[in-house]
Amino acid sequence: MAEPKKKRITDIGPPSYENFLPPIIKKNYGKWKYHEIIKPGVLMHVSESGDKLYSVRAATPRLAATDTIRLFAQIADEFCDGFLRYTSRNNVEFLITDEKKVEPCIAKLKKEGYPVGGMGNSITNIVHTQGWVHCHSAATDASGVVKCVMDELFPYFESMKLPAKLRIAFACCLNMCGAVHCSDIALLGVHIKPPVVSHDTLPAQCEIPTTVSACPTGAVRTATVDGKPSVEIVEEQCMFCANCFTVCPSIKLNNPTDGLSVWVGGKVSNARHEPMFSKLAIPYIPNEPPRWPTVVKSVKNIVEVYAKNARKFERMGEWIERIGWPKFFELTEIPFTKYHIDDFTHAGESFRRSVYFRQSDVRE
Amino acid sequence: MAEPKKKRITDIGPPSYENFLPPIIKKNYGKWKYHEIIKPGVLMHVSESGDKLYSVRAATPRLAATDTIRLFAQIADEFCDGFLRYTSRNNVEFLITDEKKVEPCIAKLKKEGYPVGGMGNSITNIVHTQGWVHCHSAATDASGVVKCVMDELFPYFESMKLPAKLRIAFACCLNMCGAVHCSDIALLGVHIKPPVVSHDTLPAQCEIPTTVSACPTGAVRTATVDGKPSVEIVEEQCMFCANCFTVCPSIKLNNPTDGLSVWVGGKVSNARHEPMFSKLAIPYIPNEPPRWPTVVKSVKNIVEVYAKNARKFERMGEWIERIGWPKFFELTEIPFTKYHIDDFTHAGESFRRSVYFRQSDVRE
Amino acid sequence: MAAKLRETPLIDELLKGPWPSFVKEIKKCAQNEKNERGSARSNDLLGVLERSYKETIGHWKHGGIVGVMGYGGGVIGRYNDLPEEFPNVAHFHTIRVNQPSGWFYTSDILRKLCDIWDKHGSGITNMHGSTGDIVFLGCATDDLEPTFADLTALGFDLGGSGSAVRTPSCCCGMARCEWACYDTMALTDDLTRTFQDELHRPAFPYKFKFKMSGCPNDCVASIARADMSIIGTWRDDIQIDQKAVADYASKLNLENDVISRCPTKCMSWDGKKLSIDNSNCVKCMHCINAMPKALAPGKDRGATILLGSKAPIIGGALLSSVIVPFLKIEPPYEDIKELAEAIWDLWAEHGKNRERVGEFIQRIGMGNFLEQIGLEPRPEMVINPRSNPYIFYDQDQE
Amino acid sequence: MAAKLRETPLIDELLKGPWPSFVKEIKKCAQNEKNERGSARSNDLLGVLERSYKETIGHWKHGGIVGVMGYGGGVIGRYNDLPEEFPNVAHFHTIRVNQPSGWFYTSDILRKLCDIWDKHGSGITNMHGSTGDIVFLGCATDDLEPTFADLTALGFDLGGSGSAVRTPSCCCGMARCEWACYDTMALTDDLTRTFQDELHRPAFPYKFKFKMSGCPNDCVASIARADMSIIGTWRDDIQIDQKAVADYASKLNLENDVISRCPTKCMSWDGKKLSIDNSNCVKCMHCINAMPKALAPGKDRGATILLGSKAPIIGGALLSSVIVPFLKIEPPYEDIKELAEAIWDLWAEHGKNRERVGEFIQRIGMGNFLEQIGLEPRPEMVINPRSNPYIFYDQDQE
Ligand code: SRM
Ligand code: SRM
Ligand code: SRM
Ligand code: SRM
Ligand code: SF4
Ligand code: SF4
Ligand code: SF4
Ligand code: SF4
Ligand code: SF4
Ligand code: SF4
Ligand code: SF4
Ligand code: SF4
């Protein structure tokens with residue numbers, strides 16, 4: 001059905017959030033007094049006026065069918081006068097004014113397969129990226145790994161028994177769209193083989209100087225192949241960052257040998273300790289679809305060792321800093337390799353430049 | 001008087017230290033039990049055997065006339081059976097076995113103008129370098145500045161009233177032979193004008209490629225001057241490190257505008273806190289011979305503010321870390337400038353990448 | 001009627017387990033009777049995915065330049081490398097739809113968005129993309145413009161992509177959090193509106209992201225993921241309700257859980273009264289987080305502005321660093337806008353291609369950068385002053 | 001008879017004040033009747049210095065290649081740029097004389113050294129140079145060889161200069177310190193003797209310094225000033241004399257001064273007994289320093305070996321970093337010598353001109369470096385594992 005031609009609308013920006021705020025929020029905007037997590041997945045915010053807002057947080061796989069969004073809309077209609085929001089970590093929150101509706105709302109969500117939790121000292125949703133579902137750059141799948149890891153860590157989503165919040169993030173390549181560089185545990189897709197160049201298509205598809213200068217280590221060099229201008233890769237200089245691939249469609253980096261690495265100890269908040277980067281724990285695990293058993297086992301191990309040893313309020317990185325990295329590797333039984341020692345631009349900043357460490361009293 | 005020709009002796013190394021150890025040390029070598037500083041400048045070491053060794057520490061200007069060394073030898077004969085040693089910071093220590101000789105030894109040293117002290121929580125001798133006395137590279141004099149600063153800080157040498165040890169070091173150019181990079185207070189000679197090239201002599205005296213590659217910022221470029229090969233300096237790129245000057249005698253960097261900079265908060269020991277680099281406090285003070293009043297005043301100010309505010313056992317850097325750099329600049333009234341913000345290779349590592357700092361409540 | 005679902009034994013393994021399954025979501029779309037073309041797409045997506053699971057390799061190619069008229073961004077082009085086998089996902093672009101600030105919705109507006117996407121696309125979404133957008137995943141080239149027309153008619157617009165301002169995002173702030181030190185949602189909305197042109201028409205050396213967090217807990221990871229991070233803070237004294245502290249004292253181990261965890265050890269508790277040496281408080285939030293009923297940020301609130309965080313490509317990841325230690329955040333936010341524009345002008349002129357602002361500052365030097373944008377150097381900008389002696393002394397003054 | 005002293009009104013200002021005056025020392029030499037040539041030199045030095053003080057600029061030129069036969073180092077050439085005016089310091093080289101370990105002397109040996117220097121040189125010395133040598137300051141080219149002959153006859157030899165092993169130095173260690181975890185003086189003496197060739201005949205890309213400290217207090221600043229830093233430590237429990245602790249408890253505020261200053265908070269004091277969780281002790285020495293009569297390092301002693309510290313020229317200063325977390329230090333020290341030689345071989349082959357070992361390791365990567373010299377990677381070598389994802393995965397293995 002053809003619609004009548006209208007003036008093209010552009011640059012209007014998003015609709016104002018004010019259209020979507022429930023009355024209780026409009027009334028108490030900026031006047032909340034305190035909050036309490038009344039049970040896993042349920043926040044109660046109390047306002048200066050005494051008003052109370054209950055937020056029920058449910059997991060989503062982020063990748064959502066329109067029908068699922070319609071389901072959430074219907075649940076919101078049933079329990080929250082139609083008001084809901086999403087969180088910065090892809091959970092959905094139902095904004096309830098009437099305390100009596102909290103439990104029925106939870107029951108409904110669980111029934112539909114969207115569990116409630118991820119609050120307080122728990123493991124909440126994994127921030128993640130596209131993987132094999134959509135991105136050309138992916139060294140691994142995203143949603144699949146996330147699903148398997150969360151299936152295993154599920155009890156930590158539904159409870160609040162960890163020493164502190166534990167944030168997991170996932171990115172399928174070194175571009176790190178999942179911003180895994182500051183997470184308690186980060187999973188990162190990695191390529192481990194140098195790029196392969198299609199010399200045939202390259203002259204037409206790529207700007208050679210851009211491609212050469214894209215490489216941070218100078219591993220991409222101009223070359224003439226079969227009389228045509230192209231580039232070649234100095235393999236020893238490649239650290240598989242994929243930057244040449246990003247700027248040149250004739251370069252291929254994806255390879256069945258791709259896999260994942262595991263990083264630990266990052267954080268974003270300023271609470272107690274300044275924000276920290278995640279640090280390398282496991283350099284490489286092969287892709288093992290459909291259930292990625294080694295990744296799952298490795299993450300679970302780290303979570304359990306942390307849960308057992310960290311003190312209350314201690315995020316992963318704070319705990320490791322207190323006990324020292326040698327102890328972390330000892331407790332988790334993860335082997336320490338040359339890959340763990342930084343060798344990029346600022347490598348030297350991570351060297352231990354003191355005698356200030358725990359001497360193990362094991363004889364050499 | 002010609003001596004008979006002998007076989008040339010080489011590669012014998014220094015005489016063994018064993019030749020010079022007093023009997024009490026030979027006997028108790030590796031068997032000292034504890035020590036006490038019985039008064040400023042006097043250490044008592046007690047051995048497991050109960051033996052006691054008294055070390056009396058006297059200041060020297062490091063630059064010593066042979067006649068002064070002879071004087072020390074004579075004092076050692078008088079009080080220590082001829083045994084003495086120098087310290088890693090250019091003090092001289094008289095190794096006394098007979099407690100009764102301690103006071104007379106001190107009296108003699110003081111009379112000769114070599115004061116006793118520099119122990120415990122004091123300011124000991126300033127580690128320093130050649131300056132205008134000997135080095136071609138010097139942006140300032142060394143011994144002269146040291147003399148003026150120590151004249152002013154003298155009460156801190158003779159007493160032990162500081163919160164902790166306070167180590168001062170001095171280097172007359174960025175080569176930092178005085179290893180000023182890890183001192184509580186460091187004085188560093190600086191050039192602030194770009195090098196001047198003698199195009200006449202350069203072709204004969206310098207290897208041009210070496211000279212060009214010596215410059216860390218690429219400010220030295222090959223050039224042809226009056227038809228002869230030479231180099232030119234891109235002035236905006238120069239940060240006055242003198243590395244081109246070191247490798248090429250036709251480059252001159254010394255200039256009457258040279259001066260000094262002041263650095264604070266470094267340490268070497270592992271006690272409580274890992275070793276730390278010194279950080280920039282005052283970017284530039286002109287050379288003001290003969291008594292360098294501004295340097296002296298500046299150092300004294302920093303010492304006094306530290307002495308007044310630091311807690312017991314807190315080295316300069318530990319104190320500043322506790323109170324924060326904004327407070328340091330506030331208390332010392334030293335202006336904070338763009339020069340204080342690093343802009344060299346690892347600059348970014350020193351940026352404040354958190355919101356984790358003390359907010360001053362002064363309105364903007 | 002929706003086509004028969006493809007056989008996908010491998011990814012069907014991902015239907016198992018307690019965590020909600022994305023495979024189930026794609027299957028819902030593949031079976032969506034309201035959306036015939038879309039369900040065929042989703043069905044092919046299942047096939048592609050199964051194939052990737054078998055071969056441990058992805059099947060997507062570099063995107064080309066696709067988009068809507070007059071916009072330089074908002075759409076990510078994506079093509080499949082097995083178009084014969086999976087014709088319905090031969091082109092399978094994503095549309096980034098700018099979310100409302102704070103991700104608040106009504107059921108009504110969500111349904112209308114779903115209607116648009118069922119009409120034109122695969123029915124698959126991301127709620128939300130990592131930058132904050134509503135992501136419509138799987139659009140054919142021809143469907144882009146009609147989707148856009150329906151979106152704008154509903155009051156929505158595209159988000160950013162390419163070398164442009166990216167969709168700003170924020171924590172829920174004052175809407176639902178007692179710690180918000182400024183109105184994150186209002187600022188986000190205002191900046192998004194003000195910078196529509198910079199958002200839709202890439203003109204920078206590289207992308208530029210804004211993220212607003214209401215307090216140092218930083219619930220949108222602003223310090224790690226935004227070229228300009230605006231993080232709420234305060235500069236007077238933490239508000240204390242001593243009675244409430246006393247209540248906590250019976251539930252918490254005040255000494256172990258709060259006092260000794262204060263990073264600057266500026267708190268003390270004598271069994272009756274909690275004292276805070278506010279001049280030494282670094283606003284870390286820990287004590288407030290631990291006792292939300294008893295403590296609250298001060299009353300003289302505002303934000304710290306930081307610049308430059310980014311993912312590692314290619315010099316290594318950066319966190320944002322302090323550029324304005326404290327600023328009152330008040331509409332019309334002219335100071336923030338002027339600051340952003342001054343930065344963009346300088347960066348647009350001197351930045352290299354694909355050089356983020358954080359890298360640019362490090363390359364030209366913070367001192368120079370500050371001078372150019374007209375800010376004073378402040379010791380709060382650094383952890384410590386320089387330790388290397390390589391100072392570029394000015395030559396034009398003595 | 002010594003010449004008339006030059007008029008030096010400016011530097012005469014430095015005769016005033018309580019601190020011993022170097023000008024007085026130079027004047028002593030200028031008036032030294034035993035040493036006529038030397039006193040003339042010293043007198044001219046006063047003149048040069050006065051001139052520098054007037055003009056605020058130095059008057060020394062680059063050194064040329066001067067030295068003693070068969071040695072590539074040990075002498076620093078130095079020429080004056082006003083030879084007409086100050087002919088006696090036209091050449092004014094320094095000789096570096098290798099000090100005995102720990103700087104211990106007898107009055108007898110000092111007098112003999114002075115005799116040699118009065119015979120051949122200016123009479124001016126540095127006790128000691130910053131690397132540790134006895135420095136004879138102000139020697140004419142012709143006097144170098146005779147001075148050397150007299151020195152070797154007395155049992156002394158030259159120290160290092162140029163791209164060679166530099167004069168090793170050490171703290172007094174077991175000779176006079178209860179905390180020495182190994183025999184610093186014996187090791188220094190042995191290494192110096194073993195590496196005479198490497199010390200006297202520069203064959204490296206740049207200088208290489210050894211410094212030995214007996215414990216983590218590091219009284220020779222080894223961690224900041226040595227390419228190889230050997231710092232004593234222990235790995236069993238700190239020795240505690242509980243009675244002595246109790247005595248301190250009456251003098252010190254044990255809680256404030258010791259317990260709370262322990263960086264890992266691994267100590268506790270119940271009013272009677274001091275307990276240390278030694279598995280968390282980082283061997284910082286603070287508690288031992290604070291209570292030398294009560295505490296002492298453990299009995300299982302040895303050293304940590306670190307590599308690479310240096311002054312800033314040209315990539316910025318470095319501190320040494322851990323390469324061997326713990327090693328028993330026992331004669332004949334074969335392990336240390338082999339390690340040093342393995343490092344030199346690799347560095348000599350692959351190091352760039354004027355590249356110190358610390359810079360070399362950073363350039364080729366610690367992982368590669370360890371592999372080449374045959375050491376295992378250990379987590380003690382880093383503050384933390386890498387945070388950037390740029391891993392050079394080996395291609396020769398799966
Ligand atoms: C809803 C949400 C903001 C939003 O606008 O969407 C949110 C909401 C709250 N956060 Fe947050 N945070 C949210 C993401 C974050 C993030 C961002 C992230 O994880 O990517 C962080 C930084 C994490 C990090 O450091 O890596 C974050 C770090 C915090 C902290 C600091 C925790 C710490 O000890 O480091 C607190 C304080 C606390 O929980 O004690 C906090 C506290 C809170 C409070 C209690 C604030 C309040 O008074 O309402 C809210 C409930 C907390 C809870 O879930 O336990 N929120 N919070 C986000 C929920 C994500 C989710 O679905 O799970
Ligand atoms: C004699 C000497 C070693 C030598 O072989 O020459 C020496 C001797 C002692 N040192 Fe030292 N230190 C000596 C240079 C150093 C240095 C090196 C330097 O300053 O360049 C350091 C590192 C300084 C730094 O961190 O920047 C040094 C850091 C220490 C420390 C750690 C202090 C701290 O809190 O950081 C101690 C422990 C203490 O004093 O409590 C210590 C302790 C000692 C003791 C108590 C050790 C002992 O039991 O005998 C000795 C007397 C201390 C005193 O002077 O107060 N010594 N000491 C050096 C005397 C220099 C001088 O003439 O003043
Ligand atoms: C869709 C999204 C991932 C997701 O699943 O959520 C995404 C997807 C892509 N990102 Fe991203 N980035 C997305 C958020 C991020 C974030 C997170 C954030 O914004 O908070 C980051 C890290 C923060 C940052 O900006 O540094 C991020 C850092 C990158 C980078 C590395 C940029 C850098 O300077 O290091 C690239 C590479 C590039 O720009 O060439 C990149 C490139 C890409 C491209 C366009 C691939 C490419 O090389 O051209 C991806 C398209 C995937 C696809 O086909 O669907 N993406 N990207 C996110 C945007 C959704 C949205 O609009 O809401
Ligand atoms: C004499 C002495 C200073 C002193 O007054 O004590 C000295 C003097 C010179 N040093 Fe040094 N250095 C001296 C100890 C040091 C130290 C300290 C140490 O060894 O503990 C350092 C810092 C530690 C280090 O090695 O990094 C030091 C770092 C340098 C550097 C910078 C090296 C670097 O890699 O950063 C240079 C520049 C060079 O090698 O070209 C240098 C160069 C020089 C030269 C040879 C000047 C030159 O550019 O050719 C100086 C000759 C001065 C003269 O004419 O008398 N000197 N030099 C010290 C040697 C005396 C001795 O043998 O005992
Ligand atoms: S992390 Fe890499 S593979 Fe994953 S969505 Fe981003 S660019 Fe694509
Ligand atoms: S993957 Fe990265 S390191 Fe390797 S060649 Fe490409 S750009 Fe260079
Ligand atoms: S610091 Fe510089 S000027 Fe001073 S002695 Fe060393 S090289 Fe010469
Ligand atoms: S002084 Fe340093 S920065 Fe300046 S030109 Fe010479 S080498 Fe380059
Ligand atoms: S960042 Fe602060 S203000 Fe915003 S939601 Fe989180 S805790 Fe609340
Ligand atoms: S906010 Fe943080 S720094 Fe401030 S008092 Fe509370 S715990 Fe201490
Ligand atoms: S380094 Fe240790 S062993 Fe050596 S003198 Fe200093 S305190 Fe004693
Ligand atoms: S040596 Fe240092 S770390 Fe070890 S117990 Fe003593 S104070 Fe603590």
Side-chain angles (χ1 to χ4, degrees), chain B residues 174 176 181 188 190-194 216-217 235-241 257 261 263 265-266 276-281 283-284 320-330 336-362 364, chain C residues 216 218 223 229 231-237 263-264 278-284 298 300 303-304 306 308-309 315-316 318-322 325-328 358-359 361-362 364-368 370-371 376-395 398:
Chain B
L174 269 52
M176 288 200 188
H181 54 299
L188 176 66
V190 290
H191 306 285
I192 62 163
K193 296 287 169 197
T217 67
E235 303 204 348
E236 311 80 67
Q237 284 180 28
C238 178
M239 44 59 173
F240 323 104
C241 71
T257 59
S261 52
W263 305 72
M276 289 188 266
F277 285 127
S278 321
K279 314 288 169 10
L280 182 63
Y284 176 72
I320 299 175
E321 218 166 71
R322 175 170 60 78
I323 65 166
W325 284 94
K327 194 82 187 169
F328 170 82
F329 284 99
E330 192 189 309
F336 185 84
T337 70
K338 67 172 183 181
Y339 297 135
H340 290 90
I341 308 183
D342 192 3
D343 52 7
F344 206 58
T345 320
H346 299 291
E349 310 282 325
S350 72
F351 294 178
R352 169 65 65 197
R353 298 188 186 274
S354 70
V355 295
Y356 194 104
F357 55 89
R358 290 150 185 88
Q359 285 286 358
S360 106
D361 50 8
V362 182
E364 312 258 302
Chain C
D218 197 2
I223 205 163
S229 313
I231 303 180
T233 189
W234 68 95
R235 52 184 176 179
D236 56 348
D237 294 355
T264 60
N278 281 278
S279 70
N280 272 318
C281 164
V282 290
K283 325 297 173 199
C284 86
D300 185 11
T304 299
L306 308 91
S309 63
L318 296 177
L319 296 173
S320 289
S321 79
V322 175
F326 188 87
L327 191 73
K328 285 286 192 188
E359 296 164 315
I361 296 174
Q362 292 187 181
I364 71 163
M366 179 65 90
N368 285 338
L370 292 172
E371 244 171 28
E376 284 296 308
R378 294 267 304 256
E380 289 86 352
M381 294 174 180
V382 295
I383 302 172
N384 49 253
R386 66 165 64 233
S387 62
N388 75 66
Y390 301 142
I391 306 177
F392 291 87
Y393 292 99
D394 285 342
Q395 293 301 302
E398 208 52 341

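- Here B/Phe329 pairs with B/Phe336, B/His340 under the ring-ring contact (aromatic ring centres under 6.0 Å, His included) rule; sequence neighbours left out.
- For B/Glu330, no part lies near chain C; criterion is any non-hydrogen pair under 4.5 Å.
- For C/Arg386 (side chain) and B/Ala347 (main-chain N/O), no donor-acceptor pair under 3.5 Å exists by modelled atom type.
- Residue contact with chain B, scored on non-hydrogen atoms closer than 4.5 Å, involves the backbone of C/Ser279 exclusively.
- Heavy atoms of C/Ser320 lying under 4.5 Å from chain B belong exclusively to its backbone.
- Rounded to the nearest 0.5 Å, atoms OG1 (C/Thr264) and CD1 (B/Ile323) are 13.0 Å apart.
- Contact check for B/Phe328 versus C/Pro379: no side-chain heavy atoms found under the 4.5 Å cut-off.
- Residues meeting the side-chain hydrogen bond (donor to acceptor under 3.5 Å, both in side chains) test with C/Asn280, sequence neighbours left out: B/Arg358, C/Asp277.
- The shortest distance between side-chain heavy atoms of B/Val355 and C/Ile231 falls below 4.5 Å.
- Here the CD atom belonging to B/Glu235 is positioned 6.5 Å from the CD atom belonging to C/Gln395, to the nearest 0.5 angstrom.
- Between C/Asn384 and B/Phe277, every side-chain heavy-atom pair lies at or beyond the 4.5 Å cut-off.
- Looking at B/Lys279 and C/Ile383, their side chains never come closer than 4.5 Å, going by heavy atoms from C-beta outward.
- For C/Glu376, the CD atom sits in a loose shell: 12 or fewer heavy atoms of surrounding residues, nucleotides or ligands are nearer than 6.0 Å.
- Looking at B/Met276, neither its backbone nor its side chain comes within 4.5 Å of chain C, counting heavy atoms on both sides.
- The backbone N or O of B/Gln359 sits nowhere less than 3.5 Å from a side-chain atom of C/Glu380 that would complete a donor-acceptor pair.
- Atom-to-atom distance recorded for B/Leu280:CG and C/Ile391:CD1 is 4.5 Å, nearest 0.5 angstrom.
- Side-chain contact between C/Asn388 and B/Asp342: present, with at least one pair of heavy atoms (C-beta onward) separated by less than 4.5 Å.
- With rounding to the nearest 0.5 angstrom, the CZ atom of B/Phe357 is 13.5 Å from the SG atom of C/Cys284.
- Looking at B/Ser278, only its backbone comes within 4.5 Å of chain C, counting heavy atoms on both sides.
- For the atom pair C/Gln362 CD and B/Thr345 OG1, the distance stands at 11.0 Å (nearest 0.5 Å).
- When heavy atoms are compared at a cutoff of 4.5 Å, B/Leu188 approaches chain C solely by way of its side chain, counted from C-beta outward.
- In this structure, the portion of B/Thr217 lying under 4.5 Å from any heavy atom of chain C is its side chain and not its backbone.
- Contacts between C/Glu359 and chain B at a heavy-atom distance below 4.5 Å are absent for every atom of the residue.
- For the set B/Ser261, B/Gly324, B/Ser354, the count of heavy-atom pairs under 4.5 angstrom toward chain C peaks at B/Ser354.
- Looking at B/Phe240, only its side chain comes within 4.5 Å of chain C, counting heavy atoms on both sides.
- Contact annotation for B/Glu321: neither backbone nor side-chain heavy atoms come within less than 4.5 Å of a heavy atom of chain C.
- Relative ring orientation between C/Tyr393 and B/Tyr284 is described as perpendicular, the plane-to-plane angle rising above 60° on a 0-90° scale split at 30° and 60°.
- B/Asp343 has its side chain within reach of C/Phe392: a pair of non-hydrogen atoms, C-beta onward, lies under 4.5 Å apart.
- A pairwise comparison of heavy atoms in B/Leu174 and C/Pro389 identifies CD2-O, 3.5 Å as the closest pair.
- Only the backbone of B/His191 comes within contact range of chain C, with at least one heavy atom under 4.5 Å from a heavy atom of that chain.
- Expressed to the nearest 0.5 Å, how far CD of B/Glu236 lies from CG of C/Asp394 amounts to 11.5 Å.
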